[in-house]
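To keep things clear, I will list the structure first and then write my remarks on it.
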Amino acid sequence: MKALFIIVRGLTMLSSLSSLILLSLVLFLRDTASTAKQGAQVLGYVTKLFASAFTEGTAPQTTPFHISAWQIAIGALSIGMLISAFTPGSRGFLHAVALLAAVVMIGYVRMIIAGPDLEIVCLPFLVVWFGYYAMSLCCDGATRTP
């Protein structure tokens with residue numbers, strides 16, 4: 001039983017790191033297109049400004065980088081999952097991460113009904129963590145370290 005717990009614990013660590021990497025990739029890919037568009041607009045503006053000897057040209061509209069509360073919640077959950085893998089005996093922290101996971105699951109259900117976004121790729125990693133959570137609570141002897 002202890003060997004199975006160690007395997008699930010290792011999978012939890014890998015899945016939480018994978019979730020963070022995928023979330024970072026989603027953020028990068030979503031904003032890459034808008035950043036490239038803004039870069040092209042700025043390049044066109046500078047070219048027009050130099051071609052007209054600084055007499056023409058209007059500055060392009062820029063939009064700031066935006067991270068939603070939903071993405072912050074997924075990132076915080078992934079970090080919490082990673083930390084909980086290192087502290088299996090801390091039941092209070094495990095319950096707090098489980099509460100955050102429940103909130104994120106409600107958000108995922110709402111997102112699936114409304115139309116999935118790219119953040120849906122982080123959903124399967126919650127299954128591994130819930131397995132780890134159940135083993136941490138039910139199999140008290142497996143979580144003890146000698």
Side-chain angles (χ1 to χ4, degrees), residues 1-50 57-146:
M1 188 64 149
K2 189 166 184 141
L4 180 63
F5 179 74
I6 291 172
I7 290 170
V8 171
R9 190 174 171 187
L11 286 174
T12 300
M13 290 177 198
L14 289 175
S15 70
S16 62
L17 285 173
S18 299
S19 179
L20 279 173
I21 290 169
L22 282 174
L23 183 63
S24 300
L25 190 64
V26 164
L27 287 172
F28 175 74
L29 290 177
R30 183 170 289 154
D31 287 326
T32 299
S34 65
T35 303
K37 180 181 172 186
Q38 288 177 8
Q41 289 174 349
V42 168
L43 184 63
Y45 167 68
V46 170
T47 303
K48 188 174 183 181
L49 193 63
F50 278 110
T58 56
Q61 298 292 331
T62 58
T63 57
F65 184 73
H66 179 71
I67 298 176
S68 68
W70 171 246
Q71 294 163 338
I72 292 171
I74 295 172
L77 176 63
S78 298
I79 291 170
M81 288 174 11
L82 182 63
I83 292 170
S84 72
F86 290 104
T87 59
S90 174
R91 289 181 183 246
F93 185 71
L94 282 171
H95 293 316
V97 174
L99 181 65
L100 182 59
V103 169
V104 169
M105 285 297 293
I106 292 169
Y108 272 128
V109 169
R110 197 184 101 230
M111 181 181 64
I112 289 170
I113 292 170
D117 284 332
L118 284 175
E119 288 86 2
I120 197 78
V121 296
C122 298
L123 179 63
F125 301 116
L126 282 175
V127 175
V128 176
W129 187 83
F130 276 119
Y132 167 74
Y133 177 63
M135 285 188 77
S136 293
L137 295 180
C138 296
C139 307
D140 194 31
T143 61
R144 289 192 196 131
T145 54

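Within the structure, ring-ring contact (aromatic ring centres under 6.0 Å, His included) pairs that include any residue of residues 97-128 comprise Trp70-Tyr108 (at least two apart or interchain). Note on residues 72-92: no pairs pass ring-ring contact (aromatic ring centres under 6.0 Å, His included), not counting sequence neighbours.
From Leu77, atom CG reaches atom CG of Leu20 across 9.5 Å, with rounding to the nearest 0.5 Å. From Leu27, atom CG reaches atom CG of Leu23 across 5.0 Å, with rounding to the nearest 0.5 Å. Once rounded to the nearest 0.5 Å, the distance linking CG of Leu99 with CG of Leu94 reads 12.5 Å. Here the OG atom belonging to Ser84 is positioned 12.0 Å from the NE2 atom belonging to His95, to the nearest 0.5 angstrom.
Nearest heavy-atom pair across Leu43 and Thr47 is O-OG1, 2.7 Å. Here the closest heavy-atom approach between residue Leu126 and residue Met105 is recorded as CD1-SD, 3.3 Å. Contact detail for Cys122 and Leu22: the closest heavy-atom pair is SG-CB, 4.4 Å. Between Thr12 and Met81, the shortest heavy-atom distance links the atoms CG2-O, 4.1 Å. Listed here is the closest heavy atom pair of Ser78 and Ser16: O-CB, 3.5 Å. Heavy-atom minimum distance, Arg9 versus Pro88: NH2-CD, 3.8 Å.
Between Tyr132 and Ser136, some side-chain heavy-atom pair lies under the 4.5 Å cut-off.
Between Trp129 and Tyr133, the two ring planes are parallel [angle under 30°; tilted spans 30° to 60°].
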